[in-house]
Structures are given as structure tokens and as C-alpha cells.
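Accompanying notes for the structure given below.
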Amino acid sequence: MKPCILFLVSCILLVPGTARTDRTVEIGRDGRFVAFSNGVVADTTTGLEWIAGPDVDTSYYQAVEWVRGLAVSGGGWRMPRARDLDTLY
């Protein structure tokens, strides 16, 4: 279970699928994914937005607290659900 939690924390976190206007500047595009200068990656297919977390070993509860305190792009972030992760492939 620990590798899964590390994956969630170090690779992706997401916000509810609401449109954001404060993403700053687009810095890259790869098919359906758009990267912005503030670290947000938008999925143009699902409407979900993701951000990379710290690349450190952490518990699930530490990850949840980190997400709650995340203020990037206006806050409102949450941990991904299994069905959110399923949309990536």
C-alpha cells in the first residue's frame, strides 16, 4: 500500500473539475494535457486539474493534510479517487 500512497502524493493531486482562471501561463501541451507555470496540469478531456506533490515519503494522513493546506490556483484541492486515476489511461 505504501508505494500507492507515495505515487499519489509525489505524482498527482487534483481539484474538483471547476474551471480555473488563475492558472498563470501555459508552458506546454501534450495531446489532452496542458501544463501551466504554477504547476497545474489540466486534462482537457475530463476537466480535472492535477498538481505534483512533494517527492518525499509520507503517510496517507500527512498527504491529506498537505492537500488541505495547498493554496495553488486558489485552493480547493482534494486527493484523487480511484475513478479519477482510471481516467488517465
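Below, each value reflects all heavy atoms present in this structure, side chains not excepted, and no hydrogens, waters or symmetry copies.
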Under a single-linkage definition using a 4.5 Å side-chain heavy-atom cutoff for Ile, Leu, Val, Met, Phe, Trp and Tyr, are V72 and I27 assigned to the same hydrophobic cluster?
no

Could I get the full list of salt bridge (Lys or Arg N to Asp or Glu O under 4.0 Å) partners for R32, not counting sequence neighbours?
D43

Do the non-hydrogen side-chain atoms of [X] and [Y] ever get within less than 4.5 Å of each other?
X: W50; Y: P80; result: yes
X: T44; Y: V34; result: yes
X: W77; Y: V40; result: yes
X: D84; Y: L48; result: yes

Quick one: does any side-chain atom of S37 pair with a main-chain N or O of V25 as donor and acceptor, under 3.5 Å?
yes

Is a donor on one side and an acceptor on the other found under 3.5 Å between the side chain of W66 and the backbone of T58?
no

Show your working on side-chain contact (heavy atoms from CB on, under 4.5 Å) between I51 and L70 and close with a plain yes or no.
CA-CA 10 Å; I51 190 164; L70 191 60; 3.8 Å; yes

Carefully, step by step, assess E49 and V41 under the rule side-chain contact (heavy atoms from CB on, under 4.5 Å).
CA-CA 6 Å; E49 295 177 329; V41 175; over 6 Å; no

Name all residues meeting the side chain to side chain contact (heavy atoms under 4.5 Å, CB included) criterion together with E65; count only those two or more places apart in sequence or in a different chain, and write none if there are none.
R68

Give a yes or no on whether a salt bridge exists between D86 and R83, defined as a side-chain N under 4.0 angstrom from a carboxylate O.
no

